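The structure displayed is predicted, hence computed values, not measured ones. Nothing fancy with the numbering, it's 1 onward along the sequence.
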Amino acid sequence: MLLLKLENKVALVTGASSGIGKAISIELAKNGCNVIINYHSDKSKAKELMEYLKQYGTHPLIIKADVSSKKEVQSMIKDIIKQYGKIDILVNNAGIYNPSSFLDIKEEDWDKTIDTNLKSVFLCTQTVSKEMIKKSIPGKIVSISSIAGEVGFDASSSYCASKAGIINLTRELSLELSKYNININAICPGLIETKMTASFLKNPEERNSLLSNIPLGRPGQPIEIAKVALFLVSDDSSYITGQSIVVDGGWLAH
């Protein structure tokens with residue numbers, strides 16, 4: 001029995017082929033959503049996920065698109081509307097992390113991080129919300145930020161800036177989109193076991209150092225972020241908008 005009433009809703013998840021995006025896609029499909037799996041480079045993983053989601057009786061789709069490109073975002077949304085007729089849910093998950101000291105970071109690396117992590121949220125949210133408004137859909141938009149948007153991390157200036165941008169953009173957009181019955185929120189994960197954090201967690205010294213900041217004493221799992229995203233796109237969160245939900249095992253409680 002599906003408890004969150006998401007049957008036949010259409011959900012676009014960017015950067016969905018692995019990690020947090022994959023976990024969110026699975027939870028959405030389990031609850032009846034037709035999930036559009038956006039990917040940029042790894043078609044095999046995206047296709048594998050699409051086949052996996054079919055077991056839930058939904059109709060998933062994979063679409064390759066660089067979500068930092070306005071042209072590609074608009075083309076992707078056009079294709080989704082053509083096939084499904086609507087988009088009910090948007091999860092802005094696509095993101096990269098390229099560590100570099102602030103004094104050494106190259107302009108092109110800064111731009112790539114900001115474009116992938118923050119500009120993509122602007123482009124996808126603007127394009128999708130216009131479709132929601134056009135069709136009078138009570139939309140749900142969730143963007144994946146980070147606790148790095150709340151506090152600083154060494155050698156992470158572009159990443160921290162991009163994730164902080166998501167938090168305040170979410171606040172501002174709640175003021176503009178609420179009158180259209182569109183809820184927009186963000187999630188700020190702490191240390192989550194994904195491909196992005198694998199290099200840190202494999203090193204015993206780095207792992208122990210990171211875990212010392214977490215009162216729960218362990219890294220989080222993608223499913224623990226996915227469950228929060230699922231709540232935020234459901235009707236159970238109908239009175240929540242403009243918020244950034246921290247899911248970090250207590251890191252920011254220090």
(message) What's the separation between atom CG in Asp88 and atom CD1 in Ile141, rounded to the nearest 0.5 Å?
(response) 11.5 Å

(message) Show, in sequence, the C-alpha distance, side-chain angles and deciding distance for Glu131 and Lys134, and conclude whether the salt bridge (Lys or Arg N to Asp or Glu O under 4.0 Å) test is met.
(response) CA-CA 5 Å; Glu131 291 295 332; Lys134 190 187 302 181; 3.4 Å; yes

(message) Which heavy atom of Ile184 sits nearest to which heavy atom of Thr170, and what is that distance?
(response) O-CG2, 3.6 Å

(message) Please check: side-chain N/O of Asn208 versus main-chain N/O of Ser212, any donor-acceptor pairing under 3.5 Å?
(response) no

(message) Could you check whether Glu224 pairs with Arg218 (Lys NZ or Arg NE/NH1/NH2 to Asp/Glu carboxylate O, under 4.0 Å)?
(response) yes

(message) Show every salt bridge (Lys or Arg N to Asp or Glu O under 4.0 Å) that has at least one partner inside residues 14-29, sequence neighbours left out.
(response) Glu27-Lys30, Glu27-Lys227

(request) Check whether any side-chain heavy atom of Asn185 lies under 4.5 Å from a side-chain heavy atom of Ile240, and answer yes or no. (result) yes

(message) Which heavy atom of Thr241 sits nearest to which heavy atom of Ser178, and what is that distance?
(response) CG2-OG, 3.7 Å

(request) Please name the pair of heavy atoms, one in Ser158 and one in Ile114, separated by the smallest distance, quoted to 0.1 Å. (result) O-CD1, 3.7 Å

(message) For Ser145, run the side-chain contact (heavy atoms from CB on, under 4.5 Å) check against Ser162, Cys188, Ser244 and tell me which one passes.
(response) Cys188

(message) Contact between Ile245 and Gln243 at the side-chain level, heavy atoms closer than 4.5 Å - yes or no?
(response) yes

(request) For residues Thr58 and Pro60, report the shortest heavy-atom separation together with the two atoms involved. (result) O-CD, 3.2 Å

(request) Ignoring hydrogens and angles, state whether a donor on the side chain of Ser156 or Tyr97 is under 3.5 Å from an acceptor on the partner side chain. (result) yes

(request) Report yes or no: do Ser100 and Asn98 form a side-chain donor-acceptor pair below 3.5 Å? (result) no

(request) Measure the spacing between CG of Leu123 and NZ of Lys70 and express it to the nearest 0.5 Å. (result) 7.5 Å

(request) Answer whether the closest heavy-atom distance between the side chains of Ile192 and Pro189 falls below 4.5 Å. (result) yes

(request) Only one of Ile24, Ile187, Asn183, Asn92 passes side-chain contact (heavy atoms from CB on, under 4.5 Å) with Val142; say which it is. (result) Ile187

(request) Hey, could you give me the CG/CG distance between Asn93 and Leu12, rounded to the nearest 0.5 Å? (result) 10.5 Å

(message) Minimum heavy-atom separation for His254 and Pro215, please, with both atom names.
(response) NE2-CD, 4.0 Å

(message) Under a plain distance cut-off of 3.5 Å, with no hydrogens placed, do Ser238 and Asp235 share a side-chain donor-acceptor pair?
(response) no

(message) Minimum heavy-atom separation for Val121 and Ser143, please, with both atom names.
(response) CG1-OG, 3.6 Å

(message) Is any side-chain heavy atom of Asn117 closer than 4.5 Å to one of Lys163?
(response) yes

(request) State, yes or no, whether a side-chain contact exists between Gln83 and Leu61 at a heavy-atom distance under 4.5 Å. (result) yes

